[in-house]
Amino acid sequence: MKYVSINNLSFAYEEGKTILDNIDLDVDKGEFICILGQSGCGKSTLLRLIAGLEKPTTGTVSIDGEEVSGASLERGVVFQDYGLFPWMTAGKNILLALEQKYPKRKKTELRSIVLEKLREVGLDDSVYNKYPRELSGGMQQRCAIAQALSIESPLLLMDEPFGALDAVTRAALQDLIRNLLEGESRKTVFFVTHDVDEALLLGSRIIVLGQSPGKIIYTCEISQENRPTRENQFTNPVFLEMRNQLIGHINRDVAEKLK
């Protein structure tokens with residue numbers, strides 16, 4: 001049995017516009033799935049369906065054999081807009097998620113977990129008492145990642161989390177995610193992006209969604225032993241060919257829609 005199983009999944013708004021059509025996807029534990037495609041192809045909608053934040057029009061999403069019927073703390077979510085409440089400090093934002101996950105634990109114990117996760121994403125303890133407005137975009141995103149990691153959910157859903165960041169901060173957070181999710185702490189990840197190079201750097205499998213309505217038009221796999229690095233992803237002929245294939249499928253899909 002696959003860990004995540006998506007069967008005949010379609011989604012349409014009430015006014016009749018179909019966003020996703022006939023999505024079938026099986027995912028093993030520990031896979032890092034990058035979802036690529038142009039704006040409007042349904043990438044974020046697919047993530048919200050997996051998260052249980054939307055209900056499919058047809059088909060099902062099952063996780064570990066159980067059909068998704070709503071949101072759950074078993075699925076950590078990181079949004080592009082950080083998802084931090086502006087009236088709460090960074091620490092309290094993370095603590096709120098922990099209190100929901102572990103209502104019987106002492107607050108001092110949960111606060112220790114918050115500080116541990118802040119350090120894990122490269123932030124110092126002083127960030128605990130700072131409000132989101134006092135933090136840079138990169139620091140806010142690190143807090144959002146710390147929040148998602150703190151609840152120890154086996155499935156992590158990330159919706160273009162680095163899209164609004166500068167190149168240096170983005171690269172640092174890409175490396176952070178890659179390092180945090182390796183080894184024993186490895187989670188199953190769905191990562192939405194429109195950046196082919198980011199998908200190649202992070203993903204163990206990349207799926208490309210075509211436009212309007214979104215369908216899977218191409219898939220490629222990257223072995224754990226032969227993954228691109230920041231040093232070789234633009235020089236290794238194998239990775240360059242994979243990059244060209246991905247860009248080619250996206251561009252052909254765009255061209256067909258423009259006809």
Side-chain angles (χ1 to χ4, degrees), residues 3-4 29-30 32 44 47-55 61-165 169 172-173 176-192:
Y3 179 58
V4 178
K29 276 189 176 181
F32 196 123
S44 294
L47 209 72
R48 290 178 66 82
L49 287 163
I50 298 169
L53 300 174
E54 300 281 3
K55 293 184 177 180
V61 178
S62 297
I63 298 174
D64 211 12
E66 184 174 339
E67 186 174 335
V68 172
S69 58
S72 168
L73 289 172
E74 292 302 303
R75 299 182 287 278
V77 184
V78 181
F79 296 105
Q80 184 174 349
D81 63 359
Y82 318 134
L84 301 174
F85 294 125
W87 59 87
M88 300 175 70
T89 66
K92 291 292 180 62
N93 267 282
I94 302 171
L95 190 63
L96 180 64
L98 279 168
E99 287 173 337
Q100 291 177 318
K101 182 70 179 283
Y102 307 112
K104 295 183 179 180
R105 290 195 185 182
K106 293 180 179 179
K107 188 164 286 189
T108 52
E109 181 185 356
L110 297 181
R111 188 178 187 277
S112 295
I113 295 173
V114 174
L115 293 172
E116 176 189 337
K117 293 303 175 183
L118 286 172
R119 295 179 201 123
E120 205 170 275
V121 298
L123 297 172
D124 61 48
D125 293 3
S126 67
V127 171
Y128 185 99
N129 292 314
K130 291 183 178 178
Y131 289 90
R133 66 178 179 273
E134 300 178 280
L135 304 173
S136 68
M139 293 173 77
Q140 289 184 62
Q141 194 58 285
R142 287 174 189 263
C143 289
I145 293 168
Q147 184 182 59
L149 293 175
S150 70
I151 58 176
E152 298 294 341
S153 56
L155 180 61
L156 187 60
L157 308 169
M158 308 186 79
D159 190 3
E160 295 197 53
F162 311 143
L165 303 176
T169 303
L173 287 177
L176 170 72
I177 283 296
R178 187 161 160 159
N179 292 335
L180 283 177
L181 300 178
E182 289 180 345
E184 293 182 3
S185 61
R186 191 172 174 185
K187 298 180 184 292
T188 306
V189 183
F190 285 82
F191 187 102
V192 166

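Computed from a prediction, not measured in an experiment: that's the story for all the values here.
- Side chains of Gln147 and Ile94 form a contact here, defined as non-hydrogen atoms less than 4.5 Å apart.
- A donor-acceptor distance shorter than 3.5 angstrom exists from the side chain of Ser136 to the backbone of Met139, with no hydrogens or angles considered.
- Using a 4.5 Å cut-off on side-chain heavy atoms (C-beta onward), Val77 and Asp159 make no contact.
- In terms of heavy-atom proximity, Gln141 sits nearest to Phe79 at NE2-O, 3.5 Å.
- Between Leu123 and Cys143 the shortest heavy-atom distance is CD1-SG, 3.7 Å.
- Tyr128 OH to Leu118 CG: the interatomic distance, rounded to the nearest 0.5 Å, is 9.0 Å.
- Looking only at side-chain heavy atoms (C-beta outward), Leu95 and Lys107 come within less than 4.5 Å of each other.
- Leu135 CG to Thr89 OG1: the interatomic distance, rounded to the nearest 0.5 Å, is 9.5 Å.
- In terms of heavy-atom proximity, Phe162 sits nearest to Ile145 at CE2-CD1, 4.0 Å.
- Here the CZ atom belonging to Arg75 is positioned 8.0 Å from the CG atom belonging to Leu53, to the nearest 0.5 angstrom.
- No donor-acceptor distance shorter than 3.5 angstrom exists from the side chain of Arg48 to the backbone of Glu54, with no hydrogens or angles considered.
- For the pair Lys187 and Pro154, the minimum side-chain heavy-atom distance is 4.5 Å or more.
- For the atom pair NZ of Lys101 and OG of Ser153, the computed distance is 6.0 Å after rounding to the nearest 0.5 Å.
- Between Ala172 and Arg142, the closest heavy-atom pair is CB-NH2, 3.9 Å.
- Between Glu120 and Lys117 there is a salt bridge, with a side-chain nitrogen of the basic residue lying less than 4.0 Å from a carboxylate oxygen of the acidic one.
- Here Phe85 contributes atom CZ and Leu96 contributes atom CG; the two are 6.0 Å apart, rounded to the nearest 0.5 Å.
- Looking at Gln140, its side chain does come within 3.5 Å of a backbone N or O of Pro132 through a donor-acceptor pair.
- Between Leu155 and Phe190 there is a side-chain heavy-atom pair separated by less than 4.5 Å.
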Practice item. Step by step, work out the side chain to side chain contact (heavy atoms under 4.5 Å, CB included) result for Ile63 and Val68. Key: CA-CA 7 Å; Ile63 298 174; Val68 172; 3.6 Å; yes
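- Shown here for Glu67 and Ser62, the closest heavy-atom pair between the two residues is CA-OG, 3.7 Å.
- Checked against Glu109 for a salt bridge (Lys or Arg N to Asp or Glu O under 4.0 Å), the options Lys106, Arg111, Arg105 give a single hit: Arg105.
- Minimum heavy-atom separation, Val78 to Ala148: CG2-CB, 3.6 Å.
- Taken to the nearest 0.5 Å, the CD atom of Gln100 stands 9.0 Å off from the CD1 atom of Ile151.
- Annotation: Lys92, atom NZ; neighbour count of heavy atoms from other residues, nucleotides and ligands within 6.0 Å does not exceed 12.
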